[in-house]
Amino acid sequence: MHNKALVLFSGGQDSTTCLAWALERYTHVETIGFDYGQRHLVELACRQTVLDKFRTEYPQWGAGLGEDHMLDLRLLAQISDTAMTNDRAIVMEKNGLPNTFVPGRNLLFMTFAAAVAYRRGITVLVGGMCETDYSGYPDCRDDTLKALQVTLGLGMAQRFVIETPLMWIDKAQTWAMADKLGGDSLVDLIREDTHTCYLGDRSHKHDWGYGCGQCPACQLRAKGYGEYLDGKLMR
Ligand code: ZN
């Protein structure tokens, strides 16, 4: 019954790793992405490149990769005033959350994903949410997603399973997971074709990929990559 999955796929490192994870486990995998007026459309361009490469360069995964669904959620920009959707500096707010937090975003994403999955006969939703070295977004927490899984199941009278393979691992372990799933070629694809930088910087290339190197997302990705390489050398 649970042989089809819908992956929330943004074109970043985490969701690309989740997509490979899902393609190893489910016979049919579809993807969903959201245009919500991101400051930079870089990530949306990256997601298309990654999908194309998965189809052409990984025949074993390409065979199971189905339709891509792109939803226009630009209305999110109307109800939020954050550094993700406006040209503002990234700072910590008084409540301990960075101003990149878009209230309710992941709840909306998962709910829209469930609505699409319902129509597609898909029962498994896969997301790259993580509680380990995240920014404290409350809608990335395991409890939030478990509660949402129950809510979606009740509200649509259909059992959904929300899978979050990265929930309890850190960035170094996420790199290692990609290595395990697709070896050096998948690690190289993630370095070259996925995007994480909050500022949308594709002009500076580092060993871990493109980005400004300064923003919290770049620093997390760089640190994780360094630790992953150290771990690889010690093996
Ligand atoms: Zn950056």
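When a ligand or atom number is given, it counts from 1 through the structure's own listing order. Computed from heavy atoms alone, side chains included, the values below leave out hydrogens, waters and symmetry copies.
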*Given K53 and D188, is the salt bridge (Lys or Arg N to Asp or Glu O under 4.0 Å) satisfied, shown in steps?*
CA-CA 12 Å; K53 287 200 174 176; D188 289 346; over 6 Å; no
*Within a strict 4.5 Å, meaning less than it, do heavy atoms of the L229 and W175 side chains meet?*
no
_Are M110 and L145 packed together at the side-chain level, in the sense that at least one heavy-atom pair is separated by less than 4.5 angstrom?_
yes
_Could you enumerate the protein N, O or S atoms under 2.8 Å from the Zn ion (ligand 1), written like residue then atom name?_
C197 SG, C212 SG, C215 SG, C218 SG
*Going through the checks in order, is the salt bridge (Lys or Arg N to Asp or Glu O under 4.0 Å) test met by R105 and D139?*
CA-CA 8 Å; R105 183 180 59 181; D139 53 354; 5.8 Å; no
*Ion pair present between D207 and R191, side-chain N to carboxylate O less than 4.0 angstrom?*
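The answer is no: the pair does not qualify as a salt bridge.
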*All pairs passing side chain to side chain donor-acceptor pair (under 3.5 Å) where residues 58-75 contributes a residue, at least two apart*: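 Counting only pairs at least two positions apart or across chains, the side chain to side chain donor-acceptor pair (under 3.5 Å) contacts touching residues 58-75 are E24-W61, E30-H69, T31-D68, R47-D68, Y58-S185, E67-R120, D72-R74.
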